[in-house]
Amino acid sequence: MSDKIPGVRVRMAPSPTGSPHVGLVRTALFNWAFARHHGGTFVFRIEDTDKERSTDESLNAIIDLMHWLGLEWDEGPEVGGPHGPYFQSQRSELYADALARLLEAGHAYPCFCTNEEVEARRKESGSKVMGYDGFCRNLDAETIATYNAEGRASVPRLRMPDGSITWNDLVRGEVTFETRFVPDYALARANGDPLYTLVNPVDDAYMEITHVLRGEDLLSSTPRQIALYAALRDVGIAKLTPEFGHLPYVLGEGNKKLSKRDPEAHALAYREQGFVPEGLLNYLALLGWAIAADRDIFSLEEMVEAFDIKDVNPNPARFDLKKCEAINAAHVHRLSVEEITDRALPFLKRDGVLTDPVSPADQQLLELAMPFVAERVNKLTEVGELLRFLFIADADFALDAADRAKLVDTDEGQAVIQAAYDALLRAEPWSAARISDMLQHALVEEMGLKPRVAFGPVRVATTGKRVSPPLYESLELLGRERTLARLQSALG
RNA sequence: GCCCCCGUCGUCUAGCGGCCUAGGACGUCGCCCUCUCACGGCGGUAACGCCGGUUCAAAUCCGGUCGGGGGUACCA
């Protein structure tokens, strides 16, 4: 296939404010997959111009997240690169220089209007177009000098061209804006601080970004950026105007964007909850993209191979936690038992199921037990829930209150447990097969109970819950002593 | 208000003029498997917003309409 575009350079440029959002992950994933598919470069840049809201904590969370996901970048924090620095806070001179050149060439001009003046003129004229009206567009040099001498504040505005601006959006096709609906906009604050409108394209220009894939919320600012690019090229800062592709929103409940208030929005929370990166990424890829008509489980490598930005669906997508969990489960089940064990270990320690470091005996027990739980967990955190009974100290072992009341503290439950105790006392050797024989004989054949009725009380008495790994194997691993002790203590 | 984007099952999607009495997945319902829970298997449920037009033929193309979203900042 020769669908490869040479020299692709894409980027993701998050602001380190707050906890990273799944929308950010989806955008990063699509950019990353696009770069990898075409053998291009994935740039990671930090937009920390907002000093008030940017935090190191957020920055570290984003970097940590990217590493966890395995979306490695070719240029950016930690790895550097030829177009650094990769933090906007360290690129101020570049913005000041760009601004000076734009002003010098007449692509931008100082505007002395206040919001109130603009608004008053708009009302008076009855214009339907909101925003700036271009009042200061053609001030002569003398007037500007006079205003400056008077100490009047001004902001630099980009002079929008006449006519219309059209681009071929990579996900939406041709989009056109009449520039009379796109006012001349501010490039910096009156105090000189550059604004996003300037900084983002300037960085993309210097970093020679060829394709900008970003959220559809930036769609309407694209004509302004394309106009800026033309100016930037004229003053020798930009070599090219990138192509744009606007990715659909990730929605939460209702029809609103998934907001920081929604618990599903926090990307790092998925790691805490035991999701695997393969699963989260696969699910997020499905929000707007499909690898094939009848398939939705795939690896990152397969996505890279198949990904084409033109196949991205422009519709907004609703985040569905249930499906996300199902996709994640499919990926967990693709892993080997050893792999699941390794990945579950940190959670077992975190949740107090295992000590840190793990004793050799516990390690061995864990390895013996994992085959019975690997296929029944959907998230890594569920391993601990299923295996806690094996590792818990005798003193801490307790039965689930509801399960106990229903299955153990009943006449039938007591009778079953007594019979199980008597039978297992004579189980020799202590193996799952032998345990099975003894319990079947004593409870099903002798007592005439249905299997599900017979084993429920035993399960609760020995594992503490109604839900556990397979009973015979669980008891074998638990050992004769502990099994009998637990049955004993469930009696009376 | 004005500008722009979007519109297929509850949800995510496949579909790019005939293969569609619209396919898959999640969910949901029923059944099977079964020592619990999962897994797995089988089956059911459910959608082209609406109206025109183009065409022998439209979910697919065009127009309109309705609905949803975004923008309209010295936020990003």
Side-chain angles (χ1 to χ4, degrees), chain A residues 13-15 17 47 49-50 53 111 113-115 118 127-132 153-157 169 171-173 175-178 180-183 185-197 199-200 214-223 246 248-249 251 254-257 283 285-297 311 313-327 329-330 333 372-378 382 385-386 403 407 436 439-440 443-444 450-456 458-460 463 465-474:
Chain A
S15 333
T17 56
E47 302 215 331
T49 39
D50 190 335
R53 296 194 302 147
C111 166
C113 302
T114 63
N115 276 336
V118 174
S127 168
K128 288 175 174 174
V129 181
M130 306 291 276
Y132 187 63
S154 70
V155 296
R157 287 184 186 276
D169 196 277
V171 343
R172 283 149 217 273
V175 180
T176 298
F177 280 77
E178 302 289 331
R180 64 195 166 94
F181 296 119
V182 186
Y185 61 97
L187 296 167
R189 292 198 166 93
N191 68 9
D193 286 350
L195 290 164
Y196 164 82
T197 50
V199 146
N200 180 274
R214 49 163 29 168
E216 69 167 291
D217 47 334
L218 276 329
L219 184 79
S220 55
S221 71
T222 303
H246 291 89
Y249 280 115
L251 269 22
N255 275 336
K256 5 180 254 293
K257 255 177 85 176
Y283 176 68
L286 256 15
L287 264 29
W289 184 73
I291 195 166
D294 56 357
R295 177 171 174 220
D296 58 12
I297 302 297
D311 294 334
N313 185 330
N315 308 349
R318 196 164 274 96
F319 190 93
D320 181 350
L321 187 57
K322 283 254 182 58
K323 181 152 182 175
C324 184
E325 287 177 334
I327 299 291
H333 298 148
F372 304 112
V373 304
E375 67 177 12
R376 31 178 49 89
V377 297
N378 294 328
E382 292 168 7
E385 294 165 23
L386 249 21
D403 291 346
L407 294 173
S436 169
L439 289 179
Q440 289 278 355
L443 307 181
V444 179
K450 285 183 180 169
R452 62 182 301 124
V453 178
F455 299 113
V458 180
R459 186 186 305 282
V460 175
T463 70
K465 292 183 301 191
R466 216 174 349 172
V467 176
S468 81
L471 184 61
Y472 317 134
E473 287 78 3
S474 295

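Below, read A as the first sequence line, B as the second, and so on, with proteins coming before strands; counting in each chain starts at 1.
Heavy atoms of A/L195 sit under 4.0 angstrom from primed sugar atoms or phosphate atoms, though from no base atom. Residue A/I297 is out of contact with every strand shown, counting any heavy-atom pair closer than 4.0 Å. A/R452 comes within contact range of the sugar-phosphate backbone alone, with a heavy-atom separation under 4.0 Å but no base atom that close. Across all strands shown, A/S15 has heavy atoms under 4.0 Å from sugar-phosphate atoms exclusively, and none from any base. Residue contacts shown for A/T176 are limited to sugar-phosphate atoms, with no base heavy atom under 4.0 Å away. Residue A/R214 is out of contact with every strand shown, counting any heavy-atom pair closer than 4.0 Å. Contact annotation for A/N313: backbone-only contact, meaning every heavy-atom pair under 4.0 Å involves sugar-phosphate atoms and none involves a base. Nucleic acid contact for A/P183: none, since no nucleic acid atom lies under 4.0 Å from a heavy atom of the residue. If you check every strand for non-hydrogen atoms under 4.0 Å, A/Y472 touches a base. Residue-level contact check: A/G456 touches neither bases nor backbone, having no heavy atom under 4.0 Å from any strand. Residue A/E47 is classed as a sugar-phosphate contact, given heavy-atom separations below 4.0 Å to backbone atoms only. Residue contacts for A/F177: at a heavy-atom cut-off of 4.0 Å it reaches the sugar-phosphate backbone alone, with no base atom in range. Across all strands, A/A190 comes closer than 4.0 Å to base atoms (heavy-atom distances). Contact annotation for A/R172: backbone-only contact, meaning every heavy-atom pair under 4.0 Å involves sugar-phosphate atoms and none involves a base.
Note that the OG atom of A/S468 and the CD atom of A/E385 stand 13.0 Å from one another [nearest 0.5 Å].
The partner of B/rU34 cannot be assigned: no Watson-Crick or G-U wobble pair with both contacts below 3.5 Å exists in any strand. Within the shown strands, nothing qualifies as a pairing partner of B/rC39 under the Watson-Crick or G-U definition with both distances less than 3.5 Å. As the counterpart of B/rG7, B/rC66 is assigned, both hydrogen-bonding distances of the Watson-Crick or G-U wobble pattern falling under 3.5 Å. Figure legend. B/rC61 is base-paired to B/rG53; pairs are counted as Watson-Crick or G-U wobble with both atom distances under 3.5 Å.
Under the 3.5 Å distance criterion, with hydrogens and angles disregarded, no donor-acceptor pair is assigned to the side chains of A/R157 and A/T197. Remark: the A/H246 side chain and the A/R172 side chain contain no N/O donor-acceptor pair separated by less than 3.5 Å.
For A/T17, the side-chain contact (heavy atoms from CB on, under 4.5 Å) partners at least two apart in sequence or on another chain are A/S15, A/R53, A/S54. By the side-chain contact (heavy atoms from CB on, under 4.5 Å) test, A/E375 is found to be paired with no residue, residues two or more places apart in sequence or in another chain being considered. With sequence neighbours excluded, no residue forms a salt bridge (Lys or Arg N to Asp or Glu O under 4.0 Å) with A/D169. Partners of A/P316 according to the side-chain contact (heavy atoms from CB on, under 4.5 Å) rule, which considers only residues two or more places apart in sequence or in another chain, are A/E216, A/Y249, A/L251. Taking the side-chain contact (heavy atoms from CB on, under 4.5 Å) definition, one finds that A/A326 meets it with nothing, sequence neighbours left out.
When the P atom is used for both B/rC61 and B/rA25, the distance is 26 Å, rounded to whole Å. Remark: the separation of the P atoms in B/rA38 and B/rG27 is 12 Å, to the nearest Å. One C1' atom belongs to B/rU13, the other to B/rC6, and the distance between them is 15 Å to the nearest Å. Of the P atoms belonging to B/rC48 and B/rC74, the separation is 45 Å, rounded to the nearest Å.
Mapping A/E473 and A/V155 onto RNA chain B via the closest heavy atom, the residue that lands nearer the 5' end is A/E473. Between A/D217 and A/V377, the residue whose closest nucleotide on RNA chain B is further toward the 5' end is A/V377.
With A/I297 as the fixed residue, the side chain to side chain contact (heavy atoms under 4.5 Å, CB included) test singles out one of A/L286, A/I327, A/I291: A/I327.
Read 5' to 3', the first and last nucleotides of RNA chain B with an atom closer than 4.0 Å to a heavy atom of chain A are B/rG1 to B/rA76.
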